[in-house]
Structure formats: structure tokens, C-alpha cells
Protein chains: 2
Amino acid sequence: MSADTKDDRSQRARIVKVAARLFAERGYHAVGIAELQNAVQLGRGALYHHIRSKDDLLYDIAREYIADLNDLAVTAEHEPDPRKRICILGQHLISMIASHQAELTVCFREVQSLTDSRRAEVLALHTRYERVWKDAFISGAEQGLFRPYDPVVLKGVLGMYFYSYLWMRPDGSLGAETISERFNEMALRMLAIG
Amino acid sequence: MSADTKDDRSQRARIVKVAARLFAERGYHAVGIAELQNAVQLGRGALYHHIRSKDDLLYDIAREYIADLNDLAVTAEHEPDPRKRICILGQHLISMIASHQAELTVCFREVQSLTDSRRAEVLALHTRYERVWKDAFISGAEQGLFRPYDPVVLKGVLGMYFYSYLWMRPDGSLGAETISERFNEMALRMLAIG
DNA sequence: GGAACTGTACCGATCGGTCGGTATAGTACG
DNA sequence: CGTACTATACCGACCGATCGGTACAGTTCC
């Protein structure tokens, strides 16, 4: 039992992880508290001892992982070469999706299920993340490396990366490194001049 | 009242349309029958006179529009030039998303909410649609026009197009024609050799 | 009359969340 | 040592509200 002295945090982390998987598999509103109870093998009271509400659970998941993505993106902003910056952003994004697929699925797909103020907050983080990409595109355009900035190109490139949360399989034959390399190469093609 | 003699079909079509919009906005499980009633201004009994169940409603939406997409795709298969075929597929896809955004949002995002057998059926339609693209990619590769077939490239291209259901705005400044033209050009770049 | 359409009252089941209470471990005090 | 007290983790019964769906009577139109 000595390993369980930190029960509080580890239990909560475990609950959040299981919830993320359930929400990703079947959708936030489709998963009831009873199902979550059963999945974590805890009684009603025990579960609510660790979480405040179902909505808070969703909020924590949706917020934390887009925030992490932003943190990673900030480090990429130090790279002066827009082409390299795109590659770093792409590699981070794909590796995050590969290693936290359930959480990012919730993050991308269940924002709408948050209460108004929380949704606004999380959406702001999404916007901020997108802006990092946008800045890289504009930067490259100004340096004459990329085609002039075009929002459709931005959406297209981001769509390519983001959409991977739906088909990527962590145990599949395609590793995250392979995927990000090919996506990065394609992104640079989309941005090239002429 | 004379214009309402075809109430049966028109009412049902109206209900399906409103349901699609609600499901797209807030998610299938988040929308209750009461909310749907209120939106179509019909009592419980009247509503259930036109639909069999909530699940059937989802099934009809999710099935019909991916089936339509497949029908459109079949006509594109007659085009021998893989490059042109890609452009036709892309143009059809984007124009469908633009004109039936709510329905296709449901179609893409709520497949998981269907019962097992129905989900399998709808997923088969998705697979079939993806195969049309795949065939075009392979065709182009065989003719020496595209790079060798790579599933990652396929997923990347499809992601670019599909993801647009999340950000496209029918009343926005970007018309469907503009978007599909630029996406098509990018898709061909992604597929080009070297 | 009869078929189509509609509203209301109602069903059992399940929803998210709270309740009082228990078991256990740690700690302070005599 | 034993006893009193506190905090944490947990359980299962229970809450009002809402869920999807049904029964049925009334109305309208041919």
C-alpha cells in the first residue's frame, strides 16, 4: 500500500484518462456517469469525491491538451526559418496526436459540449494555436519563401494534420515520425511558390 | 392550406432538415426530442407520426448524404485523366459540403452514434467513397503522373477537404468554387512527382 | 365513414448529482 | 500504551429532472 499514498492525484489522473478514452470512443453526451463508474471500478460517491462534475472532467481534458499544444508551439516560434518552423510544428502536432489520441479527440470534437464561457476559453486557445501556424505562413511569404498568405491554404494544411486524429492508429504500421515527415513535405509543397 | 396537400413528405423533409441542423450544432446525444419538437413546432405525437425514432432520423441523415457523395463520385470515375478526376471529386465534395454543411457534419461526426449494424453500413459507404479517391491516386501513379501511391498522402489530401466542414461558412466571403479550386491545386501539388 | 394529422397525458428508464454513513490511517494527548 | 479526533477514500440509496417513446382522443379533409 506504500505506493498508494499518493492515491488522490493518481486516482484522479486515472479517472481523467479513462474518461478521455470513453468520451473519445462514444462521445461526451453518450457516456453516462454510471458507465464511467463502471470503467474506473468506483462507486458513485467515490467518483464524485475525486471530480466536481462531469462537465469539469470534459473541461479539464479539452483545456489541458490544447494548452500543451500551445506550449509546444511557443518553443517553435524561436526558429527563424519558416520552413523549419512548419516542420517543427507539424512534428509536435502529430506526435501529440499519436501519444494522446483520445484526449485530443475530445479536445477537437467535444468543444461544443462545454458550457458557454468554458467553450469560449478553449476556443481561444485553438485560435491562438492556429495563429502560430498563420504567423509562420506569413513570415515565409514575407521572406519570399512561400506563396502569398492565403487563409484557404492555412485551413487546408491544418486540415491535413488535424484530421489525422480520426484515422491514426498508435499500434499501426505507420509511426508518428513517418507521418509527420510526409505531412511536412506536403505542407511545404502546398506553400511553395509557383 | 391547398399548398400543404403534400404535407407528409414536405413535413418529414422539413423535420429531417431541422434535425440535421440541431445535430450538427449541438451533437446528436445533446439534442432531445423535446428540443426537436420545439424547433419544428410540432407536438410529440405529430412528430412521431412522421418519424419512427430519433435513431432513424440520424440514420437517414448520415446515410443519405454519404450515399449522394458516392453517387457523385461514380460519375467522376468516367474521367480518364486522373488529374481531372481529382479536380472533379474535389469540386463535388466541397460543393456538397457548402450546400449541405449541417447534414455532412452529422454524416462525418455522428457515425459513432448509430447502432452497430447501421454504423457498419454507413462506414462501408465512407470506405467506398475513399476508395474512389484512392483509385484515382493509383491510376495517376500507374500512368506516371503522380508519385507512387502512399496511404499517408491519401489521408492528408482527404483531411484537407473533409476538414472544411468545420470552418466553411456558406455566407462567408469564400465561395465553394474558390475553395475547391485552391484545394484542387494543392492536392495536385501533393501528388506531383519529385 | 375513414384516413391523415395533431396535441396531451403518460410510461419506465436513465440522467447528473447529493446524501448520510463507514472503514481506515495518521496524529495528538493522557 | 490506549483513546479521542481528523482527514481521506469510499459506498450505495436516493433526489428531481429529463430521456425516448407510446396511447389515445380529437380534428380536419376527402
Side-chain angles (χ1 to χ4, degrees), chain A residues 1-20 22-23 25-62 106 110 112-119, chain B residues 1-20 22-23 25-62 106 110 112-119:
Chain A
M1 298 297 170
S2 60
D4 287 346
T5 47
K6 47 167 184 169
D7 247 356
D8 187 28
R9 286 184 188 170
S10 70
Q11 272 286 56
R12 191 190 150 79
R14 191 179 127 253
I15 292 168
V16 170
K17 193 164 189 173
V18 170
L22 288 177
F23 292 166
E25 278 173 7
R26 322 211 303 105
Y28 173 75
H29 283 108
V31 176
I33 293 291
E35 192 176 346
L36 180 55
Q37 268 179 70
N38 193 56
V40 294
Q41 284 294 314
L42 247 45
R44 197 74 144 202
L47 179 57
Y48 271 94
H49 177 71
H50 295 285
I51 68 170
R52 279 157 304 180
S53 69
K54 193 191 172 194
D55 187 73
D56 278 357
L57 214 42
L58 175 61
Y59 176 63
D60 286 348
I61 299 166
V106 172
E110 301 286 351
Q112 49 158 16
S113 301
L114 289 163
T115 56
D116 286 355
S117 63
R118 291 179 164 183
R119 182 171 54 248
Chain B
M1 301 294 173
S2 61
D4 289 347
T5 47
K6 48 168 183 168
D7 248 356
D8 186 27
R9 287 183 188 171
S10 69
Q11 272 283 56
R12 191 190 151 78
R14 191 179 127 254
I15 292 168
V16 171
K17 194 165 189 172
V18 170
L22 287 177
F23 292 166
E25 277 173 7
R26 323 210 304 105
Y28 173 74
H29 288 290
V31 176
I33 293 290
E35 191 176 345
L36 180 56
Q37 270 180 67
N38 193 55
V40 294
Q41 284 296 314
L42 247 46
R44 197 77 142 201
L47 178 58
Y48 270 96
H49 177 73
H50 295 286
I51 68 171
R52 278 157 306 180
S53 69
K54 192 190 171 193
D55 188 74
D56 279 357
L57 213 42
L58 175 61
Y59 176 63
D60 286 347
I61 299 166
V106 172
E110 302 286 351
Q112 49 159 14
S113 302
L114 288 163
T115 56
D116 286 356
S117 63
R118 292 180 163 182
R119 181 171 56 249

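The sequence lines fix the lettering, A, B, ..., with proteins before strands; numbering per chain opens at 1. Keep in mind that this is a model prediction, so the values were computed, not measured.
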*Which value, rounded to the nearest 0.5 Å, describes the distance between A/Arg12 atom CZ and A/Leu47 atom CG?*
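Between atom CZ of A/Arg12 and atom CG of A/Leu47 there are 10.5 Å.
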*With A/Ala46 via side-chain contact (heavy atoms from CB on, under 4.5 Å) - residues at least two apart*: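 A/Leu42.
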*asked:* So, does A/Gln11 get its side chain near the phosphate of D/dT8, meaning an N or O under 4.0 Å from OP1 or OP2?
replied: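 No, because none of the side-chain N or O atoms of A/Gln11 sits under 4.0 Å from OP1 or OP2 of D/dT8.
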Out of [options], which nucleotide sits closest to the side chain of [X]?
{"X": "B/His50", "options": "D/dA9, C/dG16, C/dT6", "answer": "C/dT6"}
{"X": "B/Ser53", "options": "C/dT6, C/dG17, D/dG21", "answer": "D/dG21"}
{"X": "B/Ala46", "options": "D/dG12, C/dG7, D/dC10", "answer": "C/dG7"}
{"X": "B/His49", "options": "C/dT6, D/dG21, D/dA9", "answer": "C/dT6"}

Nucleotide [N], atom [atom2] - distance to [atom1] of [X] in whole Å:
{"X": "B/Arg12", "N": "C/dC5", "atom1": "CZ", "atom2": "C1'", "result": "15 Å"}
{"X": "B/Tyr48", "N": "D/dC24", "atom1": "OH", "atom2": "P", "result": "18 Å"}
{"X": "B/Arg52", "N": "D/dT22", "atom1": "CZ", "atom2": "P", "result": "12 Å"}
{"X": "B/Phe23", "N": "D/dG20", "atom1": "CZ", "atom2": "C1'", "result": "12 Å"}
{"X": "A/Ile51", "N": "C/dG17", "atom1": "CD1", "atom2": "C1'", "result": "10 Å"}

Only counting residues at least two apart or in another chain, list the ones meeting side chain to side chain donor-acceptor pair (under 3.5 Å) with [X].
{"X": "B/Tyr48", "answer": "none"}
{"X": "B/Asp55", "answer": "B/Arg118"}
{"X": "B/Glu110", "answer": "B/Ser113"}
{"X": "B/Glu25", "answer": "none"}

*Would a 4.5 Å heavy-atom cut-off, applied to side chains only, mark B/Lys54 and B/Tyr28 as touching?*
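B/Lys54 reaches B/Tyr28 side chain to side chain.
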*Taking for each residue the nucleotide of DNA chain D bearing the nearest heavy atom, is the 5' side occupied by B/Lys54 or by B/Gly45?*
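Its nucleotide being nearer the 5' end, the pick is B/Lys54.
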*Quick one: does B/Arg44 reach the base of D/dG20 with a side-chain donor-acceptor pair under 3.5 Å?*
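Indeed there is one.
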_Pairs touching residues 26-37 of chain B that satisfy salt bridge (charged side-chain N to carboxylate O under 4.0 Å, His left out), sequence neighbours left out_ =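 Applying salt bridge (charged side-chain N to carboxylate O under 4.0 Å, His left out) to every pair that reaches into residues 26-37 of chain B, excluding sequence neighbours, yields B/Arg26-B/Glu35.
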*Residues two or more places apart in sequence or in another chain: which of them pass salt bridge (charged side-chain N to carboxylate O under 4.0 Å, His left out) with B/Arg44?*
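B/Arg44: no salt bridge (charged side-chain N to carboxylate O under 4.0 Å, His left out) contacts found.
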*Give the angle between the helix axes at the two ends of the helix from C/dG1-D/dC30 to C/dG30-D/dC1, taking five base pairs at each end and rounding to 10°.*
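Rounded to the nearest 10 degrees, the bend comes out at 10°.
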*Does anything in residues 25-42 of chain A reach DNA chain D, meaning a heavy atom under 4.0 Å, and if so which residues?*
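Result for residues 25-42 of chain A: A/Leu42, sorted by number.
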